[in-house]
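Below is one structure, written out as structure tokens; comments come after it.
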Amino acid sequence: MQTNFSLTNLADSNMAQSEQILRKCVHCGFCTATCPTYLLLGDELDSPRGRIYLIKDMLENNRPADAKTVKHVDRCLSCLSCMTTCPSGVHYMHLVDHARTHIEKTFQRPMPDRILRNLLAFVLPRPMLFRLSLVAARLAKPFKQLCPKRIAGLLDMAPANIPSPSAHDAPQSFAARGQRKMRVALMTGCAQKVLDPKINEATIRILTRYGVEVVVAPGAGCCGALTHHMGKADASHAAAAANIRAWRGEMKLSGLDRVVINTSGCGTTVKDYGFMFRDDPVLAQDAATISEIACDVSELLSELDLKPTGDTPRLKVGYHSACSMQHGQKITKLPMDLLRSAGFEILAIPEGHICCGSAGTYNLLQPDLANQLRDRKIKNIESVAPQIIATGNIGCMVQIASGTQTPVVHTVELLDWATGGPIPQSLKSEAGNIGEFISHR
Ligand code: SF4
Ligand code: SF4
């Protein structure tokens, strides 16, 4: 694609980067076929190619974002399916991230939108506040008819059960069992440890069982993705910088072989820290190192020669590959291979490349589109009749679980169970289609 950025404009490294990305696009439109919003809306401006044109026009002229551009960029899930499809290697993720930052700086959203976005950006990355707001939402649920539609929708999403915090998430070190093979930092995250603290517990259990010392570093927290996807660059960089400093501290103290992440949405962001901080005179080198050693928990588990006990039932698992896992990190077969080797039967889900509609805060900010995608995803999953659904991203777990009776678990919980850990909580407590079987165990 021909571009026409001024030299002054190109002096900004983000502009220069976006210009390089734009030049790679050859307008072929292959990406439209796999874009969830184009599939739903059929509008070129809701396709990757259409958004690329809008973003080009906005950045090239370095003009403030207009309502039309904001509407179509806001509707983008950042699912990155278009990056998997694109034959020209267009790095849509960095382009849309830049567009979102530009929008945030130059566009005045209507007051209710601003309040909602600022509230989410402030509350979600802070576990204590998030927990309190979930409790408040649960109490307010019976009165939702009195609330505006958007607020009522948010109240609907509050889970019925809010688990107690886990002692595992406090800064500490968990010794490896037997001979230590490596030392890793676990990113315990923010929203996940409030919504389902058992995931971190299962991760620590299985890793230490296989000789990995796991440290929860003091000072590490939210990866910054939630605010990053809202274009709030200062907040996302502050969160990322805190993690980089925390893990650098651990590296200097006793060495770190990996930073392990069990939420693929966060993994995509941490693996991008090197790019985010490329111009930072202080943190660039450390950020690049962290990105190099960052891995999804499934990547690390595949190195550990797991030994299933053989005691777990051969359940039919519908594996949902989160967009951030398959498109963001290009991890596709690995989690399924691990589950298969652990004794589960893996069912292929139709339209597996299409987003479930969770996408960070997307289901809160674009509930209509998100619900359509969720319903479509669940229809596809249920068409293969799994006994359980497994995935590696808490956002997808919550989104899918909100529309099906089939229990939804994290991949690592199943692998932990199959190698000597306890049955995942949701299989014990949910009245799903395997409830009877589980109750006998
Ligand atoms: S597939 Fe790639 S090159 Fe083709 S229009 Fe989409 S982004 Fe551009
Ligand atoms: S990131 Fe997803 S929703 Fe956004 S343009 Fe690409 S395919 Fe479409």
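Reckoned from all heavy atoms, side chains included, excluding hydrogens, waters and symmetry mates. Numbering of ligands and ligand atoms starts at 1, following listing order.
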Against the six-membered ring of Phe107, is Arg109 placed for a cation-pi contact (under 6.0 Å from the centre, within 45° of the normal)?
no

Under 6.0 Å between the ring centres of His27 and Tyr53?
yes

Give the residue and atom name of whichever protein heavy atom lies nearest to atom 6 (Fe) of ligand 1, and the separation in Å to one decimal.
Cys31 SG, 2.3 Å

Against heavy atoms of Val26, which atoms of ligand 1 measure under 4.0 Å?
3 (S), 8 (Fe)

Students should be able to answer this: which protein heavy-atom is nearest to atom 2 (Fe) of ligand 1, and at what distance?
Cys86 SG, 2.4 Å

Below a 4.0 angstrom heavy-atom separation, can you tell me which part of Arg51, side chain or backbone, both or neither, approaches ligand 2?
side chain

Enumerate the atoms of ligand 1 whose separation from the nearest heavy atom of Ser88 is less than 4.0 angstrom.
3 (S)

Has Cys25 got an N/O/S atom less than 2.8 Å from atom 4 (Fe) of ligand 1?
no

Salt bridge check, Lys193 against Asp196: does any charged N sit closer than 4.0 Å to a carboxylate O?
no

Could you check whether any side-chain heavy atom of Glu19 comes within less than 4.5 Å of a side-chain heavy atom of Glu60, counting everything from C-beta outward?
no

How close do Arg376 and Leu39 get, counting heavy atoms only, and between which atoms?
NH2-CD1, 3.9 Å

So which bit of Tyr38 gets within less than 4.0 Å of ligand 2, heavy atoms only: side chain, backbone, both or neither?
neither

Going by side chain to side chain donor-acceptor pair (under 3.5 Å), His72 matches just one of Asp46, Asp43, Thr37. Which one?
Asp46

Please state which part of Ile52 comes within less than 4.0 Å of ligand 1, counting heavy atoms only: side chain, backbone, both or neither.
side chain

For Cys28, take its heavy atoms, then give the atoms of ligand 1 lying under 4.0 Å from any of them.
1 (S), 3 (S), 4 (Fe), 5 (S)

What protein heavy atom lies closest to atom 3 (S) of ligand 2? Include the residue and the distance to one decimal.
Leu77 N, 3.4 Å

Nearest-neighbour protein heavy atom for atom 4 (Fe) of ligand 2, which is reported as residue plus atom name and distance
Cys76 SG, 2.3 Å

Can you find a non-hydrogen atom of Pro87 under 4.0 Å from ligand 1?
yes

Out of all atoms in ligand 2, which are within 4.0 Å of some heavy atom of Leu80? Include the element for each.
1 (S), 2 (Fe)

So Tyr273 and Trp247, would you call those rings parallel, tilted or perpendicular, with 30° and 60° as cut-offs?
parallel

Side chains of Lys198 and Pro424 in contact at under 4.5 Å (non-hydrogen atoms):
no

shortest atom 8 (Fe) of ligand 2-to-protein heavy-atom contact is with Cys35 SG, 2.3 Å

Under 4.0 Å from ligand 1, counting heavy atoms only, is it the side chain of His27, its backbone, both or neither?
backbone

Identify the closest protein heavy atom to atom 5 (S) of ligand 1: which residue and atom is it, and at what distance?
Gly29 N, 3.2 Å

Which part of Ser78 is near ligand 2, with near meaning a heavy atom under 4.0 Å away: side chain, backbone, both or neither?
backbone

Kindly determine whether Asn200 and Gln192 satisfy side chain to side chain donor-acceptor pair (under 3.5 Å), including the steps that lead there.
CA-CA 9 Å; Asn200 285 339; Gln192 175 180 275; 3.3 Å; yes

Measure the acute angle between the ring planes of His91 and His94, then classify it against the limits of 30° and 60° as parallel, tilted or perpendicular.
parallel

Has Cys82 got an N/O/S atom less than 2.8 Å from atom 6 (Fe) of ligand 2?
yes

Check whether any side-chain heavy atom of Val73 sits under 4.5 Å from a side-chain heavy atom of Arg100, and report yes or no.
yes

